[in-house]
Amino acid sequence: MKKILLLFLLPISAFAQTAGTYIQNGNARATEKDYKGAIQNFNKAIELNDKNGDAYFYRANASGNLKDYKSAIEDYSKTIALKPDFATAYYYKANAESNLQNYQAAIDDFNRAIAIGPKTGEMFLYRGNAKSNLNDNAGAIADFTIALQYAPNNAEIYEYRGLAKNNRGNYAAAVDDYNIAIKLNPKKDALYQYRAGSKASMGDHQGAIVDYTAALTINPQNAEAYFYRGNNKSDQQDYKGAIEDYKKAAAINPQLKNLFLYLANAESNTGDNKGALDYFNSAINQRPQLGELYIYRGIVESNMKDYGNAMTDFNKGIALGNRTSEAYQSRAYAKLSTKDAPGAKLDADTAISLDPHSLNAYISRSKAKLAMKDTSGVMADLALAISINNKSDEAYLVRGDTHRDLGDMTAAITDYTKAIQINPNYTYAYLNRGIEKDKMNDKAGAVKDFEKLISISPKREDAYTRLGKIDNFYKYTPNGVKLFTAAIALNPANSNFYLYRGEAKAAAGDIKGAMLDYDAGLVKNPKNTSILLKQGIAEASIGDYAGALEDYNASIKIDSTSDASALSFQYRGYLQYKLGNYKAAMKDLDKAVSIFSNDETFLFRGDVKLALKDYAGATDDYHNAVYLNPTFARALAHSGIAKSYLNDAQGVNDDFAAALKADPTSADTYIDRAAAKVNLKDAAGAVADCNQAIKLSPKNSRAYLQRGLAKFALNDKTGACTDMKTAVNSGSKEAPAILAKYCN
């Protein structure tokens with residue numbers, strides 16, 4: 001807030017003359033601005049009569065004009081003691097108190113002057129200024145409003161009221177006041193600058209830029225206007241324009257706080273760290289003793305991962321006297337990057353001692369403590385950081401990372417979520433939260449986070465890669481093809497992007513499109529075993545067993561030992577099972593289990609054992625599959641079939657009850673239970689289950705086939721043959737032989 005310095009000289013005629021010749025001479029000297037001579041005359045008048053209030057008052061005025069406010073206040077106090085109803089003495093004393101920043105004392109004196117009267121607009125204006133300086137912006141606004149009743153065309157009052165409204169966060173009302181002030185005084189650059197600040201706070205960055213430009217038209221040497229215009233350009237991602245403004249500000253006033261930091265950030269945001277480095281090199285050549293420049297060049301070098309030169313610059317800047325919290329904090333960051341955790345902690349300690357409210361210093365110290373295994377210290381520092389600013393997205397991110405490193409994924413996700421609530425575009429938080437959700441098997445949540453990350457930063461390859469690596473990602477988003485089309489455009493050489501788009505196409509039923517993508521991916525990388533595997537699965541799904549077998553063989557030839565190779569053995573084994581090569585199937589599935597097994601590995605091997613009539617062995621494998629995935633309906637159902645061959649009716653009932661609980665709308669489960677009921681001589685129950693399966697899936701050939709078999713068991717040949725014909729027409733491969741044998 002602008003401080004008001006009053007000229008206290010009053011004409012002699014303003015007060016009754018009681019001090020005689022010395023007072024007259026003193027006022028004459030004051031009129032000529034010889035305030036020291038005036039004081040000498042007032043001193044003599046007081047020596048002759050120390051009860052003369054006017055002499056003290058005039059001497060106070062002269063002292064005020066010499067900026068000796070302490071002496072002025074003493075004399076105003078003596079005047080008031082002699083003339084307690086002298087409102088002007090209170091008023092002038094209040095102004096002197098304001099100049100010494102004794103704002104509460106000033107307000108008390110303004111209150112007394114106003115109470116005695118007569119009231120003037122200036123009394124309310126200056127009391128409002130004092131209240132503003134005490135952050136009593138509501139009180140200030142009230143006083144400025146009263147002052148306007150006395151002087152409705154005073155631009156300065158609108159300016160001050162606008163500042164108070166801005167400080168209260170009422171930016172729109174502040175703009176209204178600045179509009180009037182500008183209309184009354186259109187040549188004052190500060191008014192445009194203040195209005196620009198309020199517009200920026202409202203998110204109207206373009207309007208702010210227009211106002212800063214107007215301010216600069218009036219005063220081209222306004223370094224702050226260039227600086228803040230640069231900030232608003234940066235907010236609009238016009239980093240080139242921001243850099244130009246920051247450089248103009250630096251040419252006028254290189255001492256502006258954070259100027260070089262914002263310049264360095266803007267250069268980095270353009271990806272032009274070299275440009276930033278060149279600028280700071282030139283600036284240092286011009287001002288080699290300005291320590292701040294070395295600090296910010298060090299920050300640029302840190303951004304470029306040139307930590308050696310960064311450390312040299314930080315040391316130089318600090319040695320030149322730039323011993324600021326930010327300097328030590330920046331050096332702490334560089335030391336963290338070079339794994340010097342103890343050194344980073346010492347610098348963070350110093351930064352905190354210089355500025356106990358340095359959020360970044362607490363965050364850096366927490367990272368240093370984490371590297372030093374001081375878990376309790378980490379959490380204590382992050383708690384302090386959050387207490388300083390509970391809207392710090394970075395503090396929550398770092399605390400989330402700490403929870404993650406400690407293995408507490410739930411707490412990590414909670415903190416990442418808080419960071420995102422504060423900053424909905426915080427890419428690191430989405431990335432880290434997505435990774436933790438994937439670990440916790442929240443595939444849908446992980447996919448959603450990576451999709452959001454891509455929408456914010458569509459050129460981040462790692463985001464696409466993270467998304468594609470989620471098992472069956474295509475089940476949780478309809479945008480897989482679109483997303484990986486964008487990824488391929490971003491990097492056509494990345495074979496995995498063709499793999500992921502192929503998976504998305506296959507899931508959508510576009511097997512032909514998937515095969516084209518798999519082929520394109522293999523052109524980029526013929527040894528990509530994941531593509532060979534997925535291509536094999538796609539080929540098997542359309543009955544191209546020879547092509548599938550060729551791809552599985554090729555994948556295993558490239559890699560037969562890693563955990564990933566287990567899937568190639570698994571799917572080759574399952575294909576051999578479908579081809580009736582049970583011995584080869586068992587060999588592959590045993591190999592898969594020995595390398596790395598999942599729920600499907602045991603399901604497939606259980607199916608082979610079931611085909612080989614090893615019902616107990618099959619039951620064991622299905623049990624292992626369910627152990628890995630308790631809601632694996634298919635494994636539970638197949639276990640029920642195996643138990644039916646063992647005449648374990650209770651086991652059959654339990655398994656199918658669990659399977660239907662896991663997936664109550666699965667037609668296949670009802671069909672499998674029908675098969676088990678046939679084995680247990682409950683053909684009528686089997687027909688009922690097939691009826692339910694047909695309701696769920698009217699074109700399911702297996703349902704008609706199995707119902708036909710159940711009707712044969714019930715000696716309903718006519719019904720059985722009708723179902724067999726329907727099964728044939730629905731595409732069953734087994735039904736034609738049965739139809740030919742029993743229904744001619």
Side-chain angles (χ1 to χ4, degrees), residues 540-546 548 573-586 603-615 618-619 622 633-649 652 655-656 659-660 665-744:
S541 73
I542 59 175
D544 181 8
Y545 297 144
Y574 185 62
L575 178 58
Q576 295 285 15
Y577 156 72
K578 292 180 74 174
L579 292 170
N581 301 325
Y582 301 133
K583 184 176 180 180
M586 282 298 297
L603 170 70
F604 293 163
R605 195 170 70 173
D607 288 346
V608 176
K609 290 179 179 179
L610 187 63
L612 292 171
K613 300 183 180 181
D614 177 8
Y615 304 125
T619 300
Y622 296 138
R634 190 174 166 195
L636 287 163
H638 288 202
S639 176
I641 293 173
K643 289 177 181 178
S644 73
Y645 285 108
L646 296 170
N647 292 312
D648 180 3
V652 171
D655 281 343
F656 280 107
L660 288 171
T665 61
S666 170
D668 286 334
T669 300
Y670 283 102
I671 296 167
D672 288 339
R673 189 166 72 174
K677 286 181 177 179
V678 169
N679 290 339
L680 293 172
K681 312 303 182 185
D682 180 11
V687 170
D689 274 342
C690 289
N691 291 339
Q692 182 62 31
I694 290 167
K695 286 182 181 179
L696 293 168
S697 179
K699 295 182 179 181
N700 192 314
S701 63
R702 283 189 65 227
Y704 291 101
L705 173 65
Q706 189 59 55
R707 190 170 71 175
L709 293 173
K711 287 179 179 179
F712 276 127
L714 290 170
N715 295 315
D716 178 9
K717 183 176 179 180
T718 300
C721 289
T722 298
D723 277 342
M724 287 299 168
K725 290 177 183 178
T726 304
V728 170
N729 292 333
S730 298
S732 172
K733 293 181 180 179
E734 295 88 353
I738 298 172
L739 185 67
K741 184 174 181 180
Y742 294 106
C743 298
N744 287 330

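For the atom pair OG1 of T665 and NZ of K695, the computed distance is 15.0 Å after rounding to the nearest 0.5 Å.
One N or O on the side chain of Y622 and one on the backbone of G606 form a donor-acceptor pair closer than 3.5 Å. The closest donor-acceptor contact from the side chain of T619 to the backbone of Y615 lies under 3.5 Å. S639 contributes no side-chain N or O that, together with a main-chain N or O of A635, makes up a donor-acceptor pair within less than 3.5 Å. Judged by distance alone, with hydrogens and angles left aside, the side-chain atoms of D682 form a donor-acceptor pair with the main-chain N or O of G685 at under 3.5 Å.
Between N647 and L680, some side-chain heavy-atom pair lies under the 4.5 Å cut-off. Contact check for L709 versus I738: side-chain heavy atoms found under the 4.5 Å cut-off. The shortest distance between side-chain heavy atoms of R673 and L660 falls below 4.5 Å.
The ring of F712 has its center closer than 6.0 angstrom to the ring center of Y742.
A667 and S697 make their closest contact through CB-CB, 3.8 Å (heavy atoms, listed as atom of the first residue, atom of the second, distance). Closest of all the heavy-atom pairs between A713 and A683 is CB-CB, 3.9 Å. Heavy-atom minimum distance, Q576 versus A584: CD-CB, 4.0 Å. Here the shortest heavy-atom pairing between V728 and P736 reads CG2-N, 3.7 Å.
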I641/F656 under side chain to side chain contact (heavy atoms under 4.5 Å, CB included): CA gap, chis, key distance, verdict: CA-CA 9 Å; I641 293 173; F656 280 107; 4.2 Å; yes
D668 and R634: CA distance, side-chain angles, deciding distance, side chain to side chain contact (heavy atoms under 4.5 Å, CB included) verdict: CA-CA 8 Å; D668 286 334; R634 190 174 166 195; over 6 Å; no
Worked check of side chain to side chain contact (heavy atoms under 4.5 Å, CB included) between I671 and R707: CA-CA 8 Å; I671 296 167; R707 190 170 71 175; over 6 Å; no
From CA spacing to verdict: side chain to side chain contact (heavy atoms under 4.5 Å, CB included), M586, K609: CA-CA 8 Å; M586 282 298 297; K609 290 179 179 179; 3.9 Å; yes
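Each of R702, K677, Q706 was compared with D672 under the side chain to side chain donor-acceptor pair (under 3.5 Å) criterion, and only R702 meets it.
With sequence neighbours left out, the ring-ring contact (aromatic ring centres under 6.0 Å, His included) criterion links Y704 to no other residue.
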